[in-house]
Structure formats: C-alpha cells, structure tokens
Amino acid sequence: MDSIPTRISLQSHLGTLRYRGTLPIWPNTTALGIEWDDQTRGKHSGCHNGVEYFKTSVPNSATFVKATRKFDEKRSFLDSLKGRYAPDEVDELEKIDITFGSKVAERVGFDKIRKLQAQLDRLSFVALDRQCIAYSSSGLSSLCPSVEDLDLSCNLFECLVDIAKITVQLPRLRLLRLNGNRIISWELPGEYEHAFENIQVVSLVSTLIPLEYVSRLPIWFPSAQECSLAGNYLSSAVIRFSVRWKSLESLDLSFNEFKTIPSFKIPDDATLAITSLNMSHNSISEIQSTLWTQYQSTLKALDLRHNNLKSWRDVDSLAAQLTTLTDARVQWNPFMDGMAEDEVQLAVIARWAGLTALNGMKINEKERTNAEIYFMAKVAKRQVADFDLDCARWKQLCDIYGPPVEPEAVKTKKSVLGIVFVIDDEMKTRNVPRGLTVQRLKILVGKWYKVPAAFVELALKDKDGTEVMFENGLREIEYYGVDDGSEIEIRVKR
C-alpha cells in the first residue's frame, strides 16, 4: 500500500492522496482524502464537520471517497512508450522463459525486438502526457536515443529524481514539458544534478513548485533559454535564484497571484538578462519605481494582459523605466475602462516611445505619428487626465512636433474652424464647423471643387512637412489634430 501523500488517478482524474482513515459518516469503511489537481472537483480543504483531517495546497480542492474505489493503474515510462508508439509490436512479442540453474530469464523474439527498436529509434518527439506514468525505466539510451522533445505532462511522478532518471538517458533531449505534475519531493540527489543540463526549454506549468525550489532552477537547468512557471500560485514580490541564470531569455509567470512585477535577487547583485516576460493573468496593481534596475538593458517584450492596473500613470511609469521594450500587451486592465479600443491604442503608442508592437499588432511610422499628434491635441484641450506635463516624454513630443496650443487659448474656442485648403498649389481659407466628420468634409470639398466625394483624399500638413492622412470617415476632423488655422491638402484620385 502506497504511503501518504501519494499521487493517484481515479477515472483519469489526477490527485494527491493525503488521508487514509475513518470518518464518522462511514464508520465501517476506510475513507480516503484526495486533493484534486482540478480544483473544481473539490468541496473543501480537508475538513469535515469542523474537524481537519488533512491540509490542501490549493483551497477547496479536496473530497473524501471510499477506499473501495479502484484507482487507475500506475505505469512505467517504458510501458507507456511502447503502448503509444509500438502497440502492435508489444502485443505480438513472443516471450519464452529460459532457465539457468535456479534463475529464470525472459527472452523476447529477436525479430520483434529489432522491429520495435527500429520504430522507437527514429522518434524525436515523444508525447506521453496523461499516461499515469509514475516510474522511470532503464535501457532508454539504446531504445530511443533520438528524443529531443519530451512531453510528460499530467502524470503521477512523485519525485523529481524519477524524471531525472529518464532524462539522463536521453542525451539529445532539449525540450521538456512537465506541466501538471504535482511533484511531492523536489529534492535532487547529487548524482542526478546534471540530468537536465542540456534542456533548452522547460515547462513547469501548474506543478505547484515551491518558491525555495524555484531558486534552484538555474542550477538544474543551466542551459534553459525558456522557462514557464505559469499557474503555480506564486505571489512573492522577490524571487531569489541560487546562481545567475545566464542562458535564460524568456520567463512565463502568467496565471499566478503576483500583485507587482517581481524583482529577482541573484548573488553578486547580478541581473536576470531576459528579453521576454509574461505576467498576464495576475493581480498586478502597482509598478515599482525600481523596475528599471532589473530590466532596463535587456527586456524587449512584456505581457500584462488581465491584471489590475488602474491608472494611466502606471503606463507612464512602465514607459519611462523600460526604455528597451519594443513589444507590449496591456489589454483588459481597469485603466482603460470606458475607452474605445482604438483610443487606448493611440494613447499607449503616444505615451510609450519605444514600442514597435502593441497588443499583438505592429506599429508603423505613420501610425505612430498619427497617435502622437492626436495625443498632443487631446492634451492641449485638457482632455487627458493623469498625465504629467513635466515628464520627459511630453518634452520629447514637444521637441518633435513643437508645443501645442496653450491651455488658456482653449477657453476661447470658436464654433467654426478657419482651415487653409490646398489643391494643385491653390490655397483658400474656408470656415467649417467644429465636430465635422471626415466624410462630411469630403462631401463639402466635393461640392466646392465639383468632384465626387468618393475620389477625395485629405491630409493634414504640419509646418515641418509632417503629413497625417484622414483614414476613418466617421472620425471628427479634430481627432487628427485639426484646429483653427490648420492646413489640409486635397488630393483627387482618378
């Protein structure tokens, strides 16, 4: 009988057996307390009628079942490998018992073995997820030496060393997925410290790895370029590593419980030189002012979707500190509540100088120019809250485009705009009402110059020659930065 805690599978539902004993409601039957990997199957945290029988790692993830229930059988790595990739050969293997004195040896038909080895020898990708694997196997280095990508997700391993006993036999292994393995013992004996040294991509999603063992990952996976620690209920504002993780480029900390982007403590005040950080689906509500000391020189991509950033000042803080960042994702944060998606897009682009991609979309030079001009016009009209006019970004924008209309002038706005229209080098000033849409202006231009409105293109011209095309006919012309005295060039498509 397995000791407690132990990993189990019941009708393909994985869990950890944490209690074996009696319950008042079942006086004549042994009760088993199980913490389920799927939290939605749980009803409590190990208590019954106010009595605590065991503790769970995840709240409300446990139930009691009767010991008469039959668990799924645990398997070895080799049995699962043969069963998935050479089932016919396994079924047909001829077994003959040969006796040497008092010892019995099992001989397998050599022709079948050769066929099996030829079949497994070519495997470079092996997916053995959800196979109830709990035990390692020997002889893998000769049976499947070509494996480079191994998926062992959602199995029944209890000790990290059991996985190490497998990987140490696979010299070409570079990608290892251990997602959903709720390891009970994370200790790794010295003889297996190098079992993962060639792994370049490691995924430890929903393994509930304790923070103290997160610190050892650079030792265990010294060649890892990508690491995923998503879904592990991590929340610490500080993550410590035992040594510098020189190889790491991408770190995924999504679906955890962080309230701020964590800082990393490494011996000798070294920094974590990653280029990509995924912090989506957390509870981040504040940005540390010391963030730049951690990421300023290397970070290129940051994912902050589905967090709790409530102020545009958080965006400004990120933009000011993460000057090397070029790719950001910030959707589904409270700071953008009540704003149209394209309004948010324009505001973030204007506030964040270095971005070349936002929310999965590339930003071209024209889009950036339009966003910055529009943003400056909104600031000048006092339509932008939570923006510091003394910040470096505003001074940078003013250096590029010149200072906008002074706020005092906004108080005396006229109801009409005097706009200079230019067509074929002919210039004429005409008055148009404020709030006019681009499409309505095109209709007016068509009437003035006797051309179909569908053939009219309009572009705002700045004094320095910068040009902004009016692309959305439903937008008001002020959206593109038009004001009294602006110059608009008319082009007629033929």
Side-chain angles (χ1 to χ4, degrees), residues 77 124-126 136 140-141 144-153 155 157 159-181 183-232 234 236 238-254 256 261-279 293-301:
F77 178 88
S124 61
F125 169 59
V126 172
S136 59
L140 302 181
S141 57
C144 50
S146 303
V147 177
E148 299 177 4
D149 185 337
L150 177 60
D151 189 349
L152 291 175
S153 298
N155 277 294
F157 293 105
C159 301
L160 183 63
V161 67
D162 292 326
I163 299 172
K165 289 177 180 179
I166 295 170
T167 62
V168 77
Q169 301 179 66
L170 304 174
R172 297 186 183 180
L173 188 63
R174 296 295 180 269
L175 195 155
L176 179 62
R177 298 180 184 89
L178 300 176
N179 305 331
N181 281 285
I183 305 294
I184 295 172
S185 173
W186 287 88
E187 291 296 333
L188 197 60
E191 61 185 302
Y192 290 103
E193 278 189 353
H194 304 295
F196 308 114
E197 64 180 356
N198 294 320
I199 304 297
Q200 296 178 354
V201 179
V202 57
S203 190
L204 297 165
V205 176
S206 192
T207 56
L208 301 190
I209 180 173
L211 197 61
E212 63 180 296
Y213 292 103
V214 171
S215 69
R216 302 187 191 182
L217 292 179
I219 299 175
W220 294 340
F221 298 92
S223 301
Q225 299 171 9
E226 300 178 25
C227 177
S228 179
L229 295 172
N232 282 304
L234 299 174
S236 176
V238 178
I239 296 177
R240 301 180 185 277
F241 287 131
S242 301
V243 296
R244 184 181 179 187
W245 208 343
K246 297 179 181 180
S247 62
L248 193 65
E249 299 175 0
S250 176
L251 180 61
D252 185 351
L253 295 174
S254 61
N256 280 293
I261 299 176
S263 59
F264 298 95
K265 297 297 182 182
I266 306 171
D268 300 324
D269 295 325
T271 57
L272 190 66
I274 57 175
T275 59
S276 177
L277 178 63
N278 187 351
M279 297 298 306
T293 61
Q294 292 283 324
Y295 306 104
Q296 67 163 345
S297 60
T298 60
L299 195 64
K300 301 294 184 184

### Message
When you compare the side chain of Leu251 with that of Phe264, does any pair of heavy atoms fall below 4.5 Å?
### Response
yes
### Message
Within the 4.5 Å heavy-atom criterion, are Leu277 and Ile261 side-chain neighbours or not?
### Response
yes
#### Entry: Atom pair OG (Ser276) and CD (Glu249), whose distance is rounded to the nearest 0.5 Å
9.5 Å
### Atom of Asn232, atom of Leu204 and distance for their closest heavy-atom approach
ND2-O, 3.1 Å
### Query
Which heavy atom in Ser228 sits nearest to a heavy atom in Asp252, and how many Å separate them?
OG-OD2, 3.5 Å
### Beyond-backbone contact of Trp186 with Pro210, side-chain heavy atoms, under 4.5 angstrom
yes
### Task
Evaluate the side-chain contact (heavy atoms from CB on, under 4.5 Å) criterion for residues Leu299 and Ile274: first the C-alpha distance (whole Å), next the side-chain angles of each, then the deciding distance (0.1 Å), finally the verdict.
CA-CA 6 Å; Leu299 195 64; Ile274 57 175; 4.2 Å; yes
#### Entry: Derivation of the side-chain contact (heavy atoms from CB on, under 4.5 Å) call for Phe241 and Leu248
CA-CA 12 Å; Phe241 287 131; Leu248 193 65; 5.6 Å; no
### Query
Between Glu187 and Arg216, does at least one N-O distance fall below 4.0 Å, as a salt bridge requires?
yes
### Side chains of Ile209 and Leu217 in contact at under 4.5 Å (non-hydrogen atoms)
yes
### Query
Do Ile163 and Phe196 come within less than 4.5 Å of each other through their side chains, counting heavy atoms only?
yes
### Query
Would Leu173 and Asn198 satisfy side-chain contact (heavy atoms from CB on, under 4.5 Å), going step by step from the backbone distance to the final call?
CA-CA 7 Å; Leu173 188 63; Asn198 294 320; over 6 Å; no
